[in-house]
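First the structure, in the form of structure tokens, and then the observations on it.
Proteins get letters first, then strands, A, B, ... in listed order; numbering begins at 1 in each. All values below come from the heavy atoms of this structure, side chains included, with hydrogens, waters and symmetry mates left out.
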2 protein chains.
Amino acid sequence: MRNDKQRVTIRTVADAVGVSTATVSRVFSGQGGAGEDVTQRIFRVASELGYRGNSIARSLRSQRTDTVGLLVPNLLNPFFPALIQAIEVRLQAGGLGLLLADSQGSVGVEAQRIRALLDRRVDSLIISPVDQVESRTAIQEALRSVTVVQVDRQAGNDAAYVGVNHRQSVELALNHMRQLGRTRFAFAGYDAGVSTSEERLRWFLELTKDIDPGASTRILRETVGDADEVPHEWLDRHADGMDAVVTTSDLIAVSMQMALRERGYSVPEDVAIVGFDNTRLAAVAQITSIQQPLDDLAEAVAAKVEGTRLELPTDGFPCTLVIRHSTAGSSADR
Amino acid sequence: MRNDKQRVTIRTVADAVGVSTATVSRVFSGQGGAGEDVTQRIFRVASELGYRGNSIARSLRSQRTDTVGLLVPNLLNPFFPALIQAIEVRLQAGGLGLLLADSQGSVGVEAQRIRALLDRRVDSLIISPVDQVESRTAIQEALRSVTVVQVDRQAGNDAAYVGVNHRQSVELALNHMRQLGRTRFAFAGYDAGVSTSEERLRWFLELTKDIDPGASTRILRETVGDADEVPHEWLDRHADGMDAVVTTSDLIAVSMQMALRERGYSVPEDVAIVGFDNTRLAAVAQITSIQQPLDDLAEAVAAKVEGTRLELPTDGFPCTLVIRHSTAGSSADR
DNA sequence: CTGAAAGCGCTAACAG
DNA sequence: CTGTTAGCGCTTTCAG
């Protein structure tokens, strides 16, 4: 398993062509470093020898690794793999490598992983913080040595942030259901400390305040078990009084749909439900869901990482709505 | 965003303590390189200065990066994030970093990513090949310079392989449904070229040969669309003649369940269904599913990567069955 | 247009 | 127990 092929370094190539390593280096860096014929010979010999360059040596010299760290709170939430995929594609296109780490929903693990990533000398760190408050110090610390970009979630600090327009996303769900005649709204899937969850709840309250004063009493704050089961007690109290549910994830949306149906309510006739992130779960369970513009987010993240200027929408990227059976809406949507 | 904190190198520490860099290096490598008091001073000063070592320089010297590349065929298949998570945890525990890449289901992208990973000088490559045949050459090529471990899928080459016992996994599903009195089996989710899919189909045929000769005619080879929709035509032909379906993924299992219910069949009464990978999809849709021992796989992969000897089951790791409503089985299972 | 020389930060002989 | 020296492979002044 050791490297059989004997190392072919820049010196091997230089010697074979009969020039200095400096010349070979210039040629490969593209900065028109040598004469026409020499350049050709170098390229030919290098490819014959299978010279690939040594990125470690280059990094030591240049103090750059062309590698970024990506730290997500939980790989098991299908939104993150989807986001990672978009970012990975964009980064690879720019010649950047992706060191992945998972915080496992723990601020402690998160701090530890940040350390590990910095020790590996990543050029920048892309992070979706576990907690809006408790993740702050670790991130501020990282900010002292690398570029940090927060994506999806944020932790109120000096690092850049790339995310969607939370107000618009909630509005999308609300308006869609209002057009269907729904008037009594509920909110499910609040997760304390998760910035996106806090934002969505905040806008839900703000936007329903005038149209449905009772909405603020129909908030589901806690779920149970793996599949985010909806507590019976909550349904006892609210199922009759609501006809539309806004959620923070497809998982909770599906659970809500199942729980309601088990109790004899029909979805969407009695209660309409909108999920979030448009994962496979939503497709399979026929749940209307809010889709984040993953490629736009990835592009923005990449721009920050690469130090490129890129005009971002001030309030975040707009989402779109994918309409399915759980709202049975057929009306067009923006 | 540049590194504000001025670099503190091993020389900084050495000078502050008044010893040579070699001594500091020895102390940090643990190889009892210095006297009691000197060792203490070095540790104290180093931590005061916030010395973290430079992994790039170390790598250049040692010809190791303590980083492994992980190449998966598709991040959107929820099995892979789950596997990645298990591997990430195990690798981090061993001080190894994880460079992630996604083949996007394409052999071409896969070959390209392997290149990129090797150029970054990963110590080893963990890969789940896109295609059982077409991935071969790229992997063989990689094998010439690093340790390669195939996981889940394989591509018939000289690289190590870590995976489950395919025969046992199919048996698990079949036996469970036989105990429930089912006799007419079908197989759904065959994906040509994917080694795991080929293996499962092979064992399905082998194991049903004697108990249900008709099984070999009830193979669903092609699906349509995002949610792996089951073709009407296939259902027309087989729905009446089967009472148990073995699948290769939870997604196809859920789709099968929906398609059957839409046609008025009941699951599990008329047809029992077993999914694969026990993802959230299975939990939510109440599908009985086969669970792979992810931690065992991760452990085995890590052992190969770290060069540790570890006794592996000859035919692969055994899976377990998580019983839910789609088979409504209550009988105990091994 | 090209070469010589220095050095990124660390570790591994080899002395003493 | 500790220091000196050399060098991993590359890039980058600085000369010529």
Scan A/F28 against the nucleic acid and name what it touches under 4.0 Å (heavy atoms): base, sugar-phosphate only, or nothing.
nothing
If you compare every side-chain N and O of B/T23 against the phosphate oxygens of D/dT2 (OP1, OP2), does one of them come in below 4.0 Å?
no
Distance below 4.0 Å between A/T9 side-chain N/O and D/dG9 OP1 or OP2
no
Taking the side chain as every heavy atom from C-beta outward, state whether [X] and [Y] have any atom pair closer than 4.5 Å.
X	Y	result
A/Q85	A/L294	no
A/N157	A/V148	no
B/D66	B/D123	yes
B/D131	B/V194	no
B/L70	A/L100	no

For nucleotides 13-16 of chain C, print each protein N/O atom paired with a nucleotide N/O atom at under 3.5 Å, atom names and distance only.
none

Taking it one step at a time, do B/R41 and B/D37 satisfy salt bridge (Lys or Arg N to Asp or Glu O under 4.0 Å)?
CA-CA 6 Å; B/R41 294 230 316 286; B/D37 48 337; 5.1 Å; no
Are A/R52 and B/D119 close enough for a salt bridge, meaning some N to O gap below 4.0 Å?
yes
Residues of residues 53-68 of chain A with any non-hydrogen atom less than 4.0 angstrom from an atom of DNA chain D: list those, numerically ordered, please.
A/G53, A/N54, A/A57, A/R58, A/R61
Over how many whole Å does the gap from B/I10 atom CD1 to C/dT11 atom C1' extend?
8 Å
Starting at atom CZ of A/R11, determine the distance to atom P of D/dG7, rounded to an integer number of angstrom.
12 Å
Start with the C-alpha gap between A/T67 and B/R120, add the side-chain angles, then the distance that decides, and say whether side-chain hydrogen bond (donor to acceptor under 3.5 Å, both in side chains) holds.
CA-CA 9 Å; A/T67 300; B/R120 280 171 192 286; 2.9 Å; yes
What's the angle between the local helix axes at either end of the helix from C/dC1-D/dG16 to C/dG16-D/dC1, using five pairs per end and rounding to 10 degrees?
40°
